[in-house]
Amino acid sequence: MKNAFLALLAILVIFSQFMVYQRTSGAAGGLPVLYWATDNNITRQVTVDKYRVWLKKNGYPDMDVKVDNINGSLQKLVIQGAAGVGPDIMNLFGWDLHYLNQIGMVQPLDDLMADLKVPPENHDPTVSNELFAAGKRMGFSQNAGTSYYFVNLTWLRKIGMPPPPERWTVEAFEAYGRAYVEKANRDRKVSQRSFFINYVDRETFRRSYGVSYFNETLTACALNRPEHVALLKKIFDWTYTEHFLATRAEAESISVESGKGGGNWTSLFHNGTQALVWSGLPILISLRECAGPVDLGIAECPSGGYRNSVSRTYATALYSGSANHKLARYFLLYLTSEPHNLEIAENGDQMPPIPSFRERDAFRKPPAWPNEWNAHRVYKEKSSELGTPSEYSPFVAYNPYQKVERNAVDAYFSKVTSAEEACQTMEEQINALIQANVARSPENRARYDRARAVQARIDAAKREGKKIPLDLVENPFLRRYYRETGKGL
């Protein structure tokens, strides 16, 4: 039954793509047509229109690019790729790009782009781990950024609260949160509670204690540590005791109530139901649609000692099975251009992918939105100072191990298991995924065995109390963490 369902799903996905391509085939003037699988974002067609102008201005081959926002999910891309009918151009988050690269669906770009004038500044170094694998380029950035707490300064002034600090220890965060919860809810019913925050990003929070998903060589999970247990208990306390953020039941209730008035999580931030929301810059797109601008601030994740943020990009890659690589590569080149970077600066869809464009007033001071200027400045500065790439292991796919972590945390928050059991479960199950993946091919096994030999050298240095040679560390977070904390050499 399961196989029959998957087969039916594959047929429907391929048929949906066929219908999209059939409906949009036949560009005016007999131009070649390329298909771009991306998210449902109204700015994507603007990007295509500006791309066509840029092609003409630079004397590059003209082409029509059709935006396909129906078939952009990872599952659909995998099914299409297996059937040999994938889109020419794909927008992907870094973790999905790594996965598709592992299964052979991504076209390598170094040789393909070699004869084009790719500018020296062609990506943000803080997202290099998203765009490269084993030193080879897989994609270019549509945009780039990270996440912080956006602060509704207008709401805080209204209830008599000072703005929070841009950086804070866990203790300072808790003190401010308690003051906020008391003041914001003084005259409110429990059912109309205002929450201090909407979310705690566990990856950023645990990195502040030096805890990473993986060990130095990315060969094993490293989440079963006392620091991780303690911070899970802290988040639990913030949820159920301090009421800094909503429980699942409270969040569902808020969603129902806000839905009656057409609200969403951005409107909850806008109206003060949540004072701080964890987000990247795209929050600005929906905030600009709310009635009445609010003054915005930025605050970091509370720190256990090591301030950081996780840098990410919305990447653009080429399907390896496409017959249009020579044309599609111009779209990648366009992502490094001034027109594209200024478009991202103006529409609020994260930061421009090329860092130098973030210094322009188009990004720092969008003319129509002076209420955002402070947030743009602080966001840019902190992203440059604190941004560190995500860590991706070549020995396990991202989505499966993320699911393991979510399930373990959900079990703890549902009071089914303890925090200690949750962390042990994460490590055991993720390591089992690694071993299953390594066993699938001799090539994976050989690479894994070489990395484990390096890990043995690192572990020996730790036992002897020596500093860790940074040239042995493949994990980008731990490499920076060791360097900046004096634990590496």
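This structure is a prediction, so every number in the text was calculated from the model and none was measured.
A donor-acceptor contact shorter than 3.5 Å links the side chain of Ser286 to the backbone of Ile283. Although no hydrogens or angles enter the test, the distance criterion places a donor-acceptor pair under 3.5 Å between the side chain of Glu121 and the main chain of Ser356. Judged by distance alone, the side chain of Asp110 and the main-chain N or O of Pro108 form no donor-acceptor pair under 3.5 Å. No donor-acceptor pair closer than 3.5 Å links the side chain of His376 to the backbone N or O of Leu281. Looking at Tyr392, its side chain never comes within 3.5 Å of a backbone N or O of Asn129 through a donor-acceptor pair. The closest donor-acceptor contact from the side chain of Arg483 to the backbone of Gly488 lies at 3.5 Å or more, if one exists at all. Formation of a donor-acceptor pair under 3.5 Å by the Asn324 side chain with backbone atoms of Ala328 is not found in this model. Judged by distance alone, the side chain of Ser267 and the main-chain N or O of His270 form no donor-acceptor pair under 3.5 Å. Between the side chain of Tyr240 and the backbone N or O of Phe413 there is at least one donor-acceptor pair closer than 3.5 Å.
Ring centers of Phe269 and Phe150: at least 6.0 Å apart, outside the cut-off. A distance below 6.0 Å separates the ring centres of Tyr314 and Phe93.
Residues satisfying the salt bridge (Lys or Arg N to Asp or Glu O under 4.0 Å) criterion with Asp201, sequence neighbours excluded, are absent altogether. Under the rule for a salt bridge (Lys or Arg N to Asp or Glu O under 4.0 Å), the partners of Glu405 that lie at least two apart in sequence or sit in another chain are Arg202, Arg206.
Closest non-hydrogen pair, Glu372 versus Leu284, comes out as OE1-CD1, 3.6 Å. For Pro352 against Ala345, the heavy-atom pair with the smallest separation is CG-CB, 3.9 Å. The heavy-atom pair separating Glu216 from Tyr482 by the smallest distance is OE2-OH, 2.5 Å. Taking every heavy atom of both residues into account, His340 and Ser141 meet most closely at NE2-O, 4.5 Å. Taking all atoms of both residues into account, the shortest heavy-atom contact from Ser309 to Thr204 is CA-CG2, 4.3 Å. Considering all non-hydrogen atoms of both residues, Ile298 and Ala375 come closest at CG1-O, 3.7 Å.
Side-chain contact, Asn475 with Ser212: a donor N or O sits under 3.5 Å from an acceptor N or O. Under the 3.5 Å distance criterion, with hydrogens and angles disregarded, no donor-acceptor pair is assigned to the side chains of Glu343 and Thr43. Inspection of the Tyr148 and Glu166 side chains reveals no N or O donor paired with an N or O acceptor under 3.5 Å. For the 3.5 Å distance criterion, the side chains of Gln107 and Ser322 fail to qualify, holding no donor opposite an acceptor. Side-chain contact check for Asp410 and Ser414: no donor-acceptor pair (N or O, by modelled atom type) lies under 3.5 Å. For the residue pair Arg440 and Asn437, a side-chain donor N or O sits within less than 3.5 Å of a side-chain acceptor on the partner. Inspection of the Glu421 and Tyr412 side chains reveals no N or O donor paired with an N or O acceptor under 3.5 Å. Ser194 and Tyr180 share a donor-acceptor pair across their side chains, judged by distance under 3.5 Å alone. Asn198 and Trp278 share no donor-acceptor pair across their side chains, judged by distance under 3.5 Å alone. Side-chain atoms of Gln455 and Asp459 form a donor-acceptor pair, as typed in the model, at a separation below 3.5 Å.
Here OG1 of Thr388 is found 7.5 Å from CG of Leu386. Values are rounded to the nearest 0.5 Å. In this structure, CZ on Arg358 lies 9.0 Å from NZ on Lys380, to the nearest 0.5 angstrom. Expressed to the nearest 0.5 Å, how far CD1 of Ile458 lies from CZ of Arg452 amounts to 10.0 Å. The line from OG1 of Thr146 to CE of Met351 is 7.5 Å long, rounded to the nearest 0.5 Å. In this structure, Thr47 OG1 and Asn347 CG are separated by 7.0 Å, a value rounded to the nearest 0.5 Å. In this structure, OG1 on Thr217 lies 7.0 Å from CZ on Phe395, to the nearest 0.5 angstrom.
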Quiz item: When you look at Tyr99 and Asn399, which way does the side-chain contact (heavy atoms from CB on, under 4.5 Å) test go after all the steps?
Solution: CA-CA 9 Å; Tyr99 174 69; Asn399 288 329; 6.0 Å; no
Exercise. Check step by step if side-chain contact (heavy atoms from CB on, under 4.5 Å) holds for Phe477 and Val310.
Key: CA-CA 9 Å; Phe477 163 67; Val310 183; over 6 Å; no
Practice problem: Tell me, with the steps shown, if Tyr213 and Met426 meet side-chain contact (heavy atoms from CB on, under 4.5 Å). | Solution: CA-CA 10 Å; Tyr213 262 118; Met426 291 178 206; over 6 Å; no
Exercise. Under the side-chain contact (heavy atoms from CB on, under 4.5 Å) rule, what do Phe331 and Leu34 come out as? Steps first, then yes or no, please.
Key: CA-CA 10 Å; Phe331 190 83; Leu34 277 64; over 6 Å; no
Exercise. Start with the C-alpha gap between Tyr398 and Tyr401, add the side-chain angles, then the distance that decides, and say whether ring-ring contact (aromatic ring centres under 6.0 Å, His included) holds.
Key: CA-CA 6 Å; Tyr398 179 90; Tyr401 74 74; 5.4 Å; yes
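Taking a cutoff of 4.0 Å between a charged side-chain nitrogen and a carboxylate oxygen, Lys76 and Asp68 do not qualify as a salt bridge. A salt bridge between Glu420 and Lys233 is present, with a side-chain N of the basic residue lying under 4.0 Å from a carboxylate O of the acidic one. Salt-bridge annotation for Arg207 and Glu203: present, with a side-chain N of the basic residue lying under 4.0 Å from a carboxylate O of the acidic one. The pair Asp449-Arg445 meets the salt-bridge criterion, since a charged nitrogen lies less than 4.0 angstrom from a carboxylate oxygen.
The neighbour count for Asp111 CG, taken as heavy atoms of other residues, nucleotides or ligands under 6.0 Å away, does not exceed 12. No more than 12 heavy atoms of other residues, nucleotides or ligands sit less than 6.0 Å from atom CD of Glu443. More than 12 heavy atoms of other residues, nucleotides or ligands sit less than 6.0 Å from atom NZ of Lys462. Atom CZ of Arg248 is surrounded by 12 or fewer heavy atoms from other residues, nucleotides or ligands within 6.0 Å.
Looking at Leu100 and Met90, their side chains come closer than 4.5 Å, going by heavy atoms from C-beta outward. Residues Arg307 and Glu385 have side chains in contact (heavy-atom distance under 4.5 Å, counting atoms from C-beta outward). Between Arg329 and His325, every side-chain heavy-atom pair lies at or beyond the 4.5 Å cut-off. Looking only at side-chain heavy atoms (C-beta outward), Cys423 and His228 come within less than 4.5 Å of each other. With contacts defined as side-chain heavy-atom distances shorter than 4.5 Å, the pair Ile468/Lys487 does not qualify. A heavy-atom distance below 4.5 Å is found between the side chains of Pro353 and Asn341. Asp88 is not listed as a side-chain neighbour of Trp36, based on a closest heavy-atom distance of 4.5 Å or more. Side-chain contact check for Leu77 versus Pro87: some heavy-atom pair is nearer than 4.5 Å.
In this structure, Lys234 forms no cation-pi arrangement with Phe205, as its terminal cationic atom is not both closer than 6.0 Å to the ring centre and no more than 45° off the ring axis.
Between Phe173 and Phe196, the ring planes are tilted. Angles from 30° to 60° get that label.
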